[in-house]
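Order of the sequence lines sets the chain letters (A, B, ...), proteins ahead of strands, with each chain counted from 1.
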Amino acid sequence: MENTGKVKYKNLFYKMLRIRMVEEEIAQRYSQKKMRCPTHLSIGQEAVAVAVGENLFATDFAVSSHRAHAHYLAKGGNLSALIAEIYGKATGCAGGYGGSMHLSDLTVGFVASTAIVANTVPLGVGLSFSQVLKKQNAITCIFIGDAAIEEGVFYESLNFAVLKKLPVLFICENNLYSVNTPLHLRQPIERPIFKLAHGIGAKAEQFDGNDIVSMFDTVSKVIKDLRNQGGPWFLEFHTYRYKVHCGPEDDLNYNARPKEEIDYWLARDPVSLLQSKLLELSFLSLKEIDSYKQKIQEEINKAFDFAENSLFPSINDKYKFQYIDNNLEWLHSVLNPQKEVYTIE
Amino acid sequence: MSNIKFINLVNAALKKAMQLDKSVLCYGLGMNDPTRIFGASEGLVEEFGEERVFDMPTSENAMTGVGIGLAINGFRPVFSHARLDFILLAMDQIINNAAKWNTMFAGAMSVPITIRLLVGRGWGQGPTHCQSLQANFAHIPGLKVVMPSFPEDVYGLLLSSIFDNNPVIFIEHRWLHNIVCDTNPYDFVPLGKARTVVNGSDITVVSMSYMTIEALHAIKFLQERGVNCDLIDLRTVKPIDWETIYKSINRTGKLLVLDTGFEFCSIASEIISKVSMDCFNNLNIAPRRLAMPDVSVPTSYILANSLYTYSENIASEICKMLKVDIDTQPLKNKRDNFPRDTPGDWFEGPF
């Protein structure tokens with residue numbers, strides 16, 4: 001790592017640490033039972049979101065899945081609105097109608113996350129297609145997990161993206177588990193996911209998803225290539241989640257996973273890895289880390305205070321979004337039945 | 001004007017929508033092939049280009065999601081399917097995304113997609129090329145379901161669907177496509193408003209899509225024999241025009257509902273249940289329905305024909321309800337002039 005990387009990696013570290021601390025705070029406060037919705041934490045997977053998010057502009061789009069807090073934050077999504085959304089408050093990023101699994105911040109291009117595995121994949125491809133049709137010089141990122149590869153719509157969508165050479169980036173966080181079912185019971189382990197995507201015609205690569213230093217520059221190059229040469233690109237990141245599939249509990253002491261596997265991944269914690277590297281290179285001091293933590297904690301406390309103090313949506317608004325009203329008087333006035341002539345050849 | 005058919009007016013509406021608004025896109029399997037989905041997309045690609053009118057991979061689910069993505073970023077896609085049954089591959093995108101989007105994100109994004117679905121019948125369409133599943137879509141909050149019956153309405157209804165900001169399921173019965181237009185068909189038709197086709201005070205008949213055509217034959221036949229029916233064509237199945245239905249029932253006191261779909265949990269069932277709850281005191285006999293029985297439709301026309309409702313069945317049902325004795329044999333004989341697995345001599349398969 002050169003000296004020029006100092007600012008860059010300190011910035012990446014700050015962002016990863018921020019996401020980690022936000023999710024740890026959610027986990028810690030979850031038992032207060034004020035966050036009353038299924039909540040999927042991505043503690044252990046922060047490097048992927050940050051590596052990608054750092055290469056995006058607000059004009060780029062992103063969509064994600066049920067485990068989306070990190071993607072939302074890395075794309076620049078508003079933290080207070082995220083926490084308020086999990087609290088079910090009117091000030092939430094989806095007005096309390098969405099919850100943890102349905103996040104959106106259109107001001108930064110984080111279009112949506114949804115709760116059904118792989119169901120934002122075609123939607124993201126459609127967004128990408130819309131960017132091309134509108135000649136918007138931008139890309140779309142689709143965050144998925146390893147289980148999305150097992151859904152048929154993934155193949156349909158990737159095929160269309162390849163066919164149209166769409167500027168779309170698939171980010172596959174392979175954390176080895178779909179709920180509690182390990183990868184080897186779901187896919188042949190001798191067949192890497194990124195090769196499968198490559199076989200369909202995407203440009204594809206795999207990365208160590210926990211060591212951001214090892215992959216950040218390549219990810220930047222890929223995204224540049226996507227902007228200049230088109231896509232799609234498919235990136236598989238090997239990573240690991242520490243928490244249960246859904247909820248705040250630690251999943252490492254349930255004997256649900258092999259001990260060697262847990263030890264291997266814990267030794268490769270993305271935040272600790274980068275921290276050690278930065279300390280080792282004297283890019284960062286323990287004191288600076290403390291000041292980071294303090295600053296982030298203040299921001300988090302503010303976000304939780306905001307959520308706690310916000311109002312719930314009015315119960316009178318429960319039908320508010322049943323349909324969108326739109327007046328078609330304009331259509332009525334432009335249709336002129338007397339003037340229309342239809343000719344049949 | 002007399003030789004303009006229903007399908008020509010679908011085509012004209014698509015053309016008009018694309019002329020009115022550059023954000024309107026048309027796509028579907030076979031969109032630009034020589035047959036142009038029975039003529040629906042005739043001339044579109046030539047006038048509007050391949051960026052706005054395009055064919056697609058045989059991927060109903062993904063291409064529905066692609067349409068939703070396009071709609072979210074400002075387009076108005078019209079997605080056409082030669083048979084409704086294939087959209088079942090895309091129910092996740094329709095139900096979990098398109099229908100939910102407006103509520104799920106508190107009105108921040110709209111999904112103005114129109115999905116055209118064609119219902120097949122006859123010529124041995126078999127169990128999976130003939131399903132009229134409007135009830136399945138109508139069951140889902142957030143969707144609108146439109147079912148035109150007359151060429152006079154299809155142009156206006158399709159335009160109103162395309163320019164509606166909600167996802168609209170637009171169901172066309174294949175047997176309507178060659179029906180010729182009697183009057184000027186280019187008027188505006190709002191969604192959510194039924195059409196009273198025939199006025200009469202003896203009984204209210206509520207119908208939709210192709211069943212309205214069968215009903216019209218039956219009602220004209222009965223009219224000549226002194227029985228006067230109110231015939232209401234729903235046009236929009238959801239949201240439904242309760243006001244028009246209630247007004248008629250409160251006048252006639254009797255209700256027969258016709259449905260192109262399967263009877264169990266059907267639109268007809270919903271109408272009968274709501275009417276029974278809301279107009280009970282004004283009903284003087286039990287409401288009835290005629291719909292597809294609760295069984296998959298076999299392929300052989302010998303088996304399939306007998307599952308469908310024809311005009312003579314409707315006439316007989318009305319007579320039974322009104323306790324009048326009219327011989328419906330002439331209707332039956334008239335229908336037997338051409339095979340019962342075709343709507344007329346224009347349709348001889350294959351689909």
(request) Give a yes/no verdict on a cation-pi contact between B:K100 and A:F321, requiring under 6.0 Å between NZ or CZ and the six-membered ring centre and an angle within 45° of the axis. (result) no

(request) Count the heavy-atom pairs under 4.5 Å between each of B:P57, B:G107, B:S59, B:A108 and chain A, then report the option with the highest count. (result) B:S59

(message) Going by the rule ring-ring contact (aromatic ring centres under 6.0 Å, His included), which residues pair with A:F312 if we only count those two or more places apart in sequence or in a different chain?
(response) none

(request) Using atom types as modelled and distance alone, determine if a side-chain donor or acceptor of B:Q93 lies under 3.5 Å from a backbone N or O of A:N119. (result) yes

(request) Using heavy atoms and a sub-4.5 Å threshold, report which of residues 122-132 of chain A line up against chain B, by residue number. (result) A:P122, A:L123, A:V125, A:G126, A:L127, A:F129, A:S130, A:Q131

(request) Please report the C-alpha distance between A:Q338 and B:Y186 in whole Å, then the side-chain angles of each, then the deciding distance to 0.1 Å, and finally whether the side-chain contact (heavy atoms from CB on, under 4.5 Å) criterion is met. (result) CA-CA 8 Å; A:Q338 306 317 319; B:Y186 296 109; over 6 Å; no

(request) Output all residues satisfying side-chain contact (heavy atoms from CB on, under 4.5 Å) with A:H332, sequence neighbours left out; order by chain, then residue number. (result) A:E329, B:F188

(request) Under 4.5 Å, counting heavy-atom pairs only, tell me which of B:I72, B:D164, B:T58 racks up the most with chain A. (result) B:D164

(request) Identify which part of A:L103 has an atom lying under 4.5 Å from any heavy atom of chain B, answering side chain, backbone, both or neither. (result) backbone

(message) Nearest 0.5 angstrom please: A:M101 CE to B:M104 CE, how far?
(response) 10.0 Å

(message) Any donor-acceptor pair under 3.5 Å linking the side-chain atoms of B:N184 with those of A:E340?
(response) no

(request) Decide side-chain contact (heavy atoms from CB on, under 4.5 Å) for A:T114 and B:N96; before the verdict, give the C-alpha distance in whole Å, the side-chain angles of both, and the deciding distance to 0.1 Å. (result) CA-CA 9 Å; A:T114 66; B:N96 286 322; over 6 Å; no

(message) Looking at chain A, which one of B:A71, B:G65, B:S160 has the largest number of heavy-atom pairs inside 4.5 Å, strictly under?
(response) B:G65

(message) Looking only at heavy atoms and a cut-off of under 4.5 Å, which of B:N61, B:V66, B:I68, B:T64 has the most pairs with chain A?
(response) B:V66

(message) Counting neighbours of CD on B:E50 that are heavy atoms of other residues, nucleotides or ligands and sit closer than 6.0 Å, is the number greater than 12?
(response) no

(message) When you compare the side chain of A:Q322 with that of B:N102, does any pair of heavy atoms fall below 4.5 Å?
(response) no

(message) Tell me if the CG atom of B:D33 is crowded by more than 12 foreign heavy atoms within 6.0 Å.
(response) yes

(request) Write out, in numerical order, the residues from residues 62-95 of chain A with a heavy atom short of 4.5 Å from a heavy atom in chain B. (result) A:A94, A:G95

(request) For atom CD of B:Q19, decide whether the heavy atoms of other residues, nucleotides or ligands shown that lie under 6.0 angstrom number more than 12. (result) yes

(request) First locate atom CD of B:E51, then atom NZ of A:K134, and finally report the distance between them rounded to the nearest 0.5 Å. (result) 13.5 Å

(request) Report, as yes or no, whether the 6.0 Å neighbourhood of atom CG on A:N137 holds more than 12 heavy atoms from other residues, nucleotides or ligands. (result) no

(message) Is it true that, when you exclude B:K22 itself, more than 12 heavy atoms of the residues, nucleotides or ligands shown sit nearer than 6.0 Å to its NZ?
(response) no

(request) Assess whether side-chain contact (heavy atoms from CB on, under 4.5 Å) is satisfied between B:L159 and A:L331, documenting all intermediate values. (result) CA-CA 8 Å; B:L159 282 167; A:L331 179 64; 4.0 Å; yes

(request) Could you tell me which portion of A:V121 (side chain, backbone, both or neither) has an atom closer than 4.5 angstrom to a non-hydrogen atom of chain B? (result) neither

(message) Using a 4.5 angstrom heavy-atom cutoff, name the option from B:N11, B:L25, B:L9, B:N97 with the most pairs to chain A.
(response) B:N97

(message) Would B:N73 and A:L133 count as a side-chain contact (heavy atoms from CB on, under 4.5 Å) here? Give the steps.
(response) CA-CA 10 Å; B:N73 198 25; A:L133 292 177; over 6 Å; no

